[in-house]
2 protein chains.
Amino acid sequence: MVSDSAVLLDRVFHALAHPARRAMLRRLAAGERNIGELAAPFRMSLPAASKHVRVLERARLVRRRVVGRTHVCWMEPRPLAKADAWLENCRRHWEAAFQRLDTVLEELKTRQKGRECLET
Amino acid sequence: MVSDSAVLLDRVFHALAHPARRAMLRRLAAGERNIGELAAPFRMSLPAASKHVRVLERARLVRRRVVGRTHVCWMEPRPLAKADAWLENCRRHWEAAFQRLDTVLEELKTRQKGRECLET
DNA sequence: GCGATTGTCAACCATGTGGTTAAATATTTT
DNA sequence: AAAATATTTAACCACATGGTTGACAATCGC
């Protein structure tokens, strides 16, 4: 399926579209944390934090292993690379279009110059 | 306000979290389009497309000018760079943590080697 | 001026999101 | 065995999203 990768991108961008989840991910980038530790910096109940972690898991940005009664989470960077690739691709296309536009404008200017020469 | 930039990031990532909006943005990366042209590739009413464009505008990814009865849209790349920067930063932190972990593992291995030497 | 074209606005609907509290589950500590 | 800890589940709430249709407004071509 082509759209399979698109669904993952949907989930990755959606996961990143909330400040709490971005903060969680940044902390996980530094090392493993359990749910309670991830929840601590926010004025937010444990169930709320748990939901955010599940959103990150659906985007495959985070995984967990259960160690006794604690759930230890860690970051998985590969989906970030996919998002990154999409952004970069979009920007590259824009820059190419901009370059083409610039060329056209430059050409118009030189044509204008030629006409001025004829007029003088 | 610190959170001002965070709100923009929220909006940018949210704008990118829908396949129709990503497709619209990619088309706009190639050049200007009006609302009807943006809606055309999808089985989607004009009002629906209009809403998507507004989401892109709130994220400052797209702007428009009204030319007669058509609304001409173009892409504004700067917020993409902000999203890009966030991703890159997150990945860099992860790589640094990974590097540290790798160093620790390497050190453990050499210590193990030393102990083996003592044992023989 | 009239009809066709381009787009918005308003109202509505189903579903999703982000949060809460209260109860249940599993594990560790005492 | 009982109490404390870490987390999930369930039920609920307010509000946002993504879509529709129908009516309205502006502009272009004849």
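The chains referred to below are lettered A, B, ... by the order of the sequence lines, with proteins before strands, and numbering in each begins at 1.
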On the nucleotide C/dT8, are OP1 or OP2 found under 4.0 Å from the side-chain N or O atoms that B/Ser50 carries? yes
Looking only at side-chain N and O atoms, does A/Arg21 come under 4.0 Å of OP1 or OP2 in C/dG18? yes
Is there a side-chain contact between [X] and [Y] in this structure, where contact means two heavy atoms from C-beta onward sitting under 4.5 Å apart?
X	Y	result
B/Glu32	B/Leu28	no
B/Val62	B/Trp74	no
A/His71	A/Val66	yes

Nearest whole angstrom, please: distance from the [atom2] of [N] to the [atom1] of [X].
X	N	atom1	atom2	answer
B/Leu56	D/dT17	CG	C1'	14 Å
B/Arg58	D/dG18	CZ	P	9 Å
B/His71	C/dT5	NE2	P	17 Å
B/Met24	D/dG18	CE	P	12 Å
B/Leu38	C/dT8	CG	C1'	15 Å

Can you check nucleotides 27-30 of chain C for protein contacts, nitrogen or oxygen pairs under 3.5 Å, and list what you find?
residue: C/dT27; atom: O2; partner: A/Arg69; partner atom: NH1; Å: 3.4

Under the criterion side chain to side chain contact (heavy atoms under 4.5 Å, CB included), I'd like the reasoning laid out for A/Leu80 against A/Met75: C-alpha separation, chi angles, the key distance, then a yes or no. CA-CA 10 Å; A/Leu80 274 192; A/Met75 174 179 153; 3.5 Å; yes
With B for base contact, S for sugar-phosphate-only contact and - for none (protein heavy atoms under 4.0 Å), nucleotides 19-25 of chain C reads BBBB---
Enclosure of B/Arg78 CZ (heavy-atom neighbours >12, cutoff 6.0 Å): no
Check whether more than 12 heavy atoms from other residues, nucleotides or ligands sit under 6.0 Å from atom CZ of A/Arg60, and answer yes or no. no
Could you identify which residues of residues 25-36 of chain B place a heavy atom less than 4.0 Å from some atom of DNA chain D, listed by residue number, or say none? none
Counting only pairs under 3.5 Å, give me each side-chain donor-acceptor contact of residues 35-53 of chain A, with atom names and distances, residues two or more places apart or in other chains.
residue: A/Glu37; atom: OE1; partner: A/Asn34; partner atom: N; Å: 3.0
residue: A/Ser45; atom: OG; partner: A/Ala48; partner atom: N; Å: 3.4
residue: A/His52; atom: ND1; partner: A/Arg21; partner atom: NH1; Å: 3.1

In terms of hydrophobic clustering (I, L, V, M, F, W, Y; side-chain heavy atoms under 4.5 Å; direct or indirect links), are A/Leu87 and B/Val55 co-clustered? no
Do A/Val72 and A/Leu25 belong together in a cluster built from hydrophobic side chains that touch within less than 4.5 Å? no
List the atom pairs, with distances to 0.1 Å, where a side-chain N or O of residues 11-18 of chain A and a protein N or O form a donor-acceptor pair under 3.5 Å, not counting sequence neighbours.
residue: A/His18; atom: ND1; partner: A/Ala20; partner atom: N; Å: 3.1

Hits for salt bridge (Lys or Arg N to Asp or Glu O under 4.0 Å) against A/Arg64, two or more places apart or cross-chain, chain-then-number order -> A/Glu57
